[in-house]
Structure formats: structure tokens, C-alpha cells
Number of protein chains: 2
Amino acid sequence: MVLPRAARTQRRTRIQEEKEELILEAALEVFATHGFRGSTIDQIAEVAGMSKPNLLYYFRTKEAMHRALIDRVLDSWLDPLREFDAEGSPVSEIRSYIRRKLEMARDFPRESRLFANEILQGAPHIEDELKGPLKTLVDEKAEVIRAWAKAGKIAKCDPYHLIFAIWSTTQHYADFDVQVRGVLGDERAGEGRFEDAARFLEQLFVSGLEIRDGTA
Amino acid sequence: MVLPRAARTQRRTRIQEEKEELILEAALEVFATHGFRGSTIDQIAEVAGMSKPNLLYYFRTKEAMHRALIDRVLDSWLDPLREFDAEGSPVSEIRSYIRRKLEMARDFPRESRLFANEILQGAPHIEDELKGPLKTLVDEKAEVIRAWAKAGKIAKCDPYHLIFAIWSTTQHYADFDVQVRGVLGDERAGEGRFEDAARFLEQLFVSGLEIRDGTA
DNA sequence: GTAATGTTTTACCAACCGGTCAAATTATCA
DNA sequence: TGATAATTTGACCGGTTGGTAAAACATTAC
């Protein structure tokens, strides 16, 4: 049979699993650095080490590839926020959330850039996810933070903007890596920059949210 | 004469000024939302309301258009940081820097996205500017902040990461606007979000940098 | 082994892309 | 006004793009 991939209902073969993996890995590389429109199937095929038609045998369109990639990555991308625990102590929860996000920026910069590209260009492919699952999750965690503030455990602040601030500062080290390296110069652009960033951000957010006269 | 634009040494015509303006405006719109590789000359021509060859009469290549756009925008983009004043009081300088950056994110989101796209995709066209003029300016201002910290006027912190944090948090509202709107929902996605953001960020950075036991 | 199924390749297509050219049109100014 | 220079356009070009068709090749199940 030569039924196109999407029409197959049977369970996938070993080769299918391997090749789809290989393709999505290559697609991540390419989409992350050029965005959807700036990427070409030929490029992805070359990175994956296979011919274009072969690639199109597994994913019938460029869109399907992108879709599959987003679906696979989005879920794990939100894990750090899911771990955010209402029962924990506010300071240590926020501190470790920052640390987890920073680790993801360091260890999975391509995933970060994939989303950055997508959102920057108007999120044409993931708008539903933003307004759906993502919003729901953020709403939930924002409520936790709001409760902490109300209970006097941290300074009063807008929980949504707090979350945005944590996202932006941490993802900055993945998305704007070239700029960070360029500005820091060769001497300070090594892996140590993530430690420095972690130290700074923890200080900023922890003491920035401490209760003091006038803010509580 | 039909000399290409770049070869003309005489002073520019009224029509030239107007059309180049029109083109760069359209180019900003398109490049900002699709990145360099994702944008097409036809698209820009359509937005500018002129034919493709007409557009290429003013800028001989797509690169030349992008170059001209970057050159024009980069300078004004750095103005808020230039205004950062060593003689002012640390708290008010940082506070007003945040405010200026946030105003730019609100009033010139396309400019912000133009750079974001460029840097995200590896800064292939502006790497020199990053390592040159930008780095120089940041180095200078970082020294100012370091001096403030040394003099005990603000908490000790890494000035570079402080600057990165201000950049990322403020530009987030331009670059990731769809996401911000999506998460905030229709009710809170109005212009008021910039006021809320300003309030939050000023609180975060000001009290985050205040001197207290153990940090000074 | 062989038949059925799954995979890969070669050759190809129509649309689009960045860019050119020459002719037509319009603005400028003596 | 007319000559000259500046601007605009339509037709076109070679290369690239996303995607297809069909046949060759490999794998698996019996």
C-alpha cells in the first residue's frame, strides 16, 4: 500500500518511529532558527539526511511537520509551570520556578526559539493553544500567587505580570542568545553566564517580592 | 538618466524622499511580522501600494531595504539607554528607563519585533552592531550601575544581567503581544495592560534593588 | 521463497521568488 | 513649449519552493 501517512490507521512500524523522530529533530533545528515561513522543506530534508519526497512521505505538508513538532514540544514546555506548587513556600516556589525555566533556556534553546518565532510572528499556528490550555494553566497559577499576596506571604503584585516577567527574563537567554553573547563579550559568554543570570534573577525576584513598608 | 539609486550622488528628489519613506514603512510592517527570509518583495510592494520593479528602483535588493531599515531604526532604538544618566539618582534613573522602554514597546512594537526577529534568527545582518556600538553603550552604562552598587546606593548585582532583565521584561509586551493578550483574555488585554505592567515592573526592580540586610 | 506491504528515489510540475530590461509615462526646468 | 531627466510599468528570466506520480527498492508475514 502507498496510502499517505495520515490515512494509515494501523500501528506504526519501527522505521516510521525512527524516521519521524529524525525528521522532527531536524525540523526543530530549522524552524527554530528561521521561523515557519523562512524554513524550507529541502533544508529540513538535508539536516535530516534524507530526500525531500521521502520526508513528505512521513509528513504530507510543511504545515503538518510544524504542527506535529509544536504538539510534541508545547506540552513539555509548560512542565515547569505545572510543577509550581500551591502548597510550597512562596519564596522557594518562585525561586525554583526561575531555576527550572533558566535550565530549560540553557538545555533546550531551540524549543524556546521555536515558540518565540511563532509568537513573534503572530502565533498563526498556536493561537488556540494560547487562549486555551496555556491561559487555563496560567489562570490557575496566578490564583495561587494572588492568594499568597493576600495572605501577606509576598508583596502585593499583579500575578500575571509576575509570570510574564519570569518568562521573559529567563527565555531571554535562549531567544536572544546572540545578543547576550555579543554584549557580554567572549570572556563572559561561556556557560557561566547561566549561573550569573540565575543568581541575579533570584535576587531580583525574591527581594523584589519581599514584604516591606508600603508594599504590603 | 536611469542610474540605479545607489549610484546617484546628487541630492534626493522630493519624490525620492516620499517613496523611500513609504517603502521603509511598508518594509517595517512586513519584516517585523515575518522576519527577513519570511518576507517577500511582492508583499512589501503591495503594502506600500506600488509595483515590485518600482520598489526595486529605490532599493536595488531586498537586503538593501532591510539594511536601510535597520540603520534608521537601530539608532533611535538605543535612545532610552543613552538617556540613562550617571548623575541622576539610581532609583529614578532605573524607574524612568523602565518607563521609556515600556513606552517604546507600546508605541513602536514593530520596531521591537524587527530586532527580535533578527536576533532570534542569529542576527545575521546586525552582528557587528551588537558587538560594536551596542556593546560599547552597554559597557558604559553597566559601569555606571556598578559604581552605584559599589557606593552602596543600590544592592550589589550584576549590571549586565540587570540590563538584560529590563530589556526582556519590557520588550516582552511588544514581541510577545499575542501571548500576553491571549493569556490576559479580552477583558484585561486593553491599553491598560501597559499601565499594569509599568506598575509591576517598577515595583519589582525598585524594591528588588533596594539595599537590605545581606544584599549590600 | 514469494507475495503483500512499506519505504525510497527519480523525474517532474506549477507557483513563487528575487531581480532585470526596455519601453512608456510623468515631472522638471530652460 | 519642448527637451531632458526621473519615475513607473509589464513582460520576462533563471532559480527555488511546496508538493506529486510512479516506479524501484526493501521489509515483513506467511
Side-chain angles (χ1 to χ4, degrees), chain A residues 1-24 26-27 29-31 33-70 121 124-125, chain B residues 1-27 29-31 33-69 121 124-125:
Chain A
M1 271 231 271
V2 285
L3 272 183
R5 164 85 187 75
R8 272 179 248 130
T9 51
Q10 314 289 8
R11 120 165 137 277
R12 298 153 71 214
T13 60
R14 175 184 50 87
I15 294 183
Q16 266 170 49
E17 304 240 19
E18 287 173 11
K19 289 296 162 85
E20 286 178 11
E21 190 71 24
L22 199 68
I23 292 169
L24 290 181
E29 185 71 31
V30 175
F31 283 137
T33 37
H34 298 110
F36 182 76
R37 291 186 42 164
S39 302
T40 70
I41 301 182
D42 294 88
Q43 240 180 317
I44 297 169
E46 198 192 327
V47 173
M50 54 176 86
S51 69
K52 182 170 62 170
N54 195 183
L55 199 148
L56 287 163
Y57 170 74
Y58 292 100
F59 297 94
R60 285 184 331 189
T61 63
K62 188 178 160 184
E63 286 241 5
M65 276 179 43
H66 192 252
R67 177 83 264 154
L69 184 58
I70 293 269
Q121 309 191 356
H125 305 95
Chain B
M1 272 230 273
V2 284
L3 272 184
R5 165 83 187 78
R8 273 179 247 129
T9 50
Q10 311 292 9
R11 124 166 134 276
R12 295 153 73 213
T13 317
R14 176 183 51 87
I15 295 183
Q16 266 171 48
E17 305 240 17
E18 287 174 12
K19 289 296 163 85
E20 285 178 11
E21 190 72 23
L22 199 68
I23 292 169
L24 290 182
E25 159 68 25
E29 186 73 29
V30 176
F31 283 136
T33 37
H34 297 110
F36 182 75
R37 290 185 42 164
S39 303
T40 70
I41 300 183
D42 293 87
Q43 240 179 316
I44 297 169
E46 199 192 326
V47 173
M50 52 175 85
S51 68
K52 181 169 62 168
N54 195 183
L55 200 148
L56 287 164
Y57 170 75
Y58 293 100
F59 297 94
R60 288 184 327 189
T61 64
K62 189 179 160 185
E63 285 242 6
M65 276 179 42
H66 193 252
R67 180 79 265 155
L69 185 58
Q121 308 192 355
H125 305 96

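A note on names: the letters A, B, ... follow the listed sequences, proteins ahead of strands, and every chain is numbered from 1.
- Every side chain to side chain contact (heavy atoms under 4.5 Å, CB included) that Leu69(B) has, sequence neighbours left out, goes to Leu24(B), Ala27(B), Leu28(B), Phe31(B), Val73(B), Leu114(B).
- Side chains of Ile23(B) and Met50(B) form a contact here, defined as non-hydrogen atoms less than 4.5 Å apart.
- When the nucleotides dG10(D), dG18(C), dA11(C) are ranked by their closest atom to the side chain of Asp42(B), dG18(C) comes out on top.
- Of the residues near DNA chain D, Leu55(B) and Phe36(A), the one whose nearest nucleotide (by heavy atom distance) lies more toward the 5' end is Leu55(B).
- Tyr58(B) has no side-chain polar atom (N or O) that falls below the 4.0 Å cut-off from OP1 or OP2 of dA6(D).
- To the nearest 0.5 Å, atom CG of residue Leu55(A) and atom NZ of residue Lys62(A) are 12.0 Å apart.
- Residue-level contact check: Leu56(A) touches the bases, meaning some heavy atom is under 4.0 Å from a base atom.
- Nucleotide dT7(C) holds its P atom 11 Å from the CD1 atom of Ile23(A), rounded to whole Å.
- Rounding to the nearest 0.5 Å places OH of Tyr57(A) at 6.0 Å from CD of Gln16(A).
- Proximity note for Tyr57(B) (side chain, C-beta onward) versus dT8(C), dT8(D), dT10(C): the nearest is dT8(D).
- Listed by residue number, Ser51(B) are the residues of residues 43-52 of chain B with a heavy-atom contact under 4.0 Å to DNA chain D.
- Separating the CZ atom of Arg67(A) from the C1' atom of dG18(D) is a distance of 19 Å, rounded to the nearest angstrom.
- Residue Lys19(B) places its side chain closer to dT8(D) than to any other of dA11(D), dT8(D), dT10(C).
- The distance between atom CD1 of Ile41(B) and atom P of dG19(C), rounded to the nearest whole Å, is 5 Å.
- We find that CD of Glu63(A) is positioned 18 Å from P of dT17(D), with the value rounded to whole Å.
- Between Glu17(A) atom CD and dG6(C) atom P the separation is 15 Å, expressed in whole Å.
- Side-chain atoms of Asn54(B) lie closest to dT8(D) of the nucleotides dG18(C), dT8(D), dT20(D).
- Separating the CD atom of Glu18(B) from the P atom of dT26(C) is a distance of 17 Å, rounded to the nearest angstrom.
- When side chains are defined from C-beta on, Ile70(A) does not count as touching His125(A), because their heavy atoms never get closer than 4.5 Å.
- When each of dG6(C), dT17(D), dG10(D) is scored by its nearest atom to the side-chain atoms of Gln16(A), the top-ranked nucleotide is dG6(C).
- Every side chain to side chain donor-acceptor pair (under 3.5 Å) that His34(B) has, sequence neighbours left out, goes to Arg37(A), Gln43(B).
- No side-chain heavy atom of Tyr58(B) sits under 4.5 Å from any side-chain heavy atom of Met65(B).
- Here dT20(D) presents its P atom at 14 Å from NZ of Lys62(A), a figure rounded to the nearest Å.
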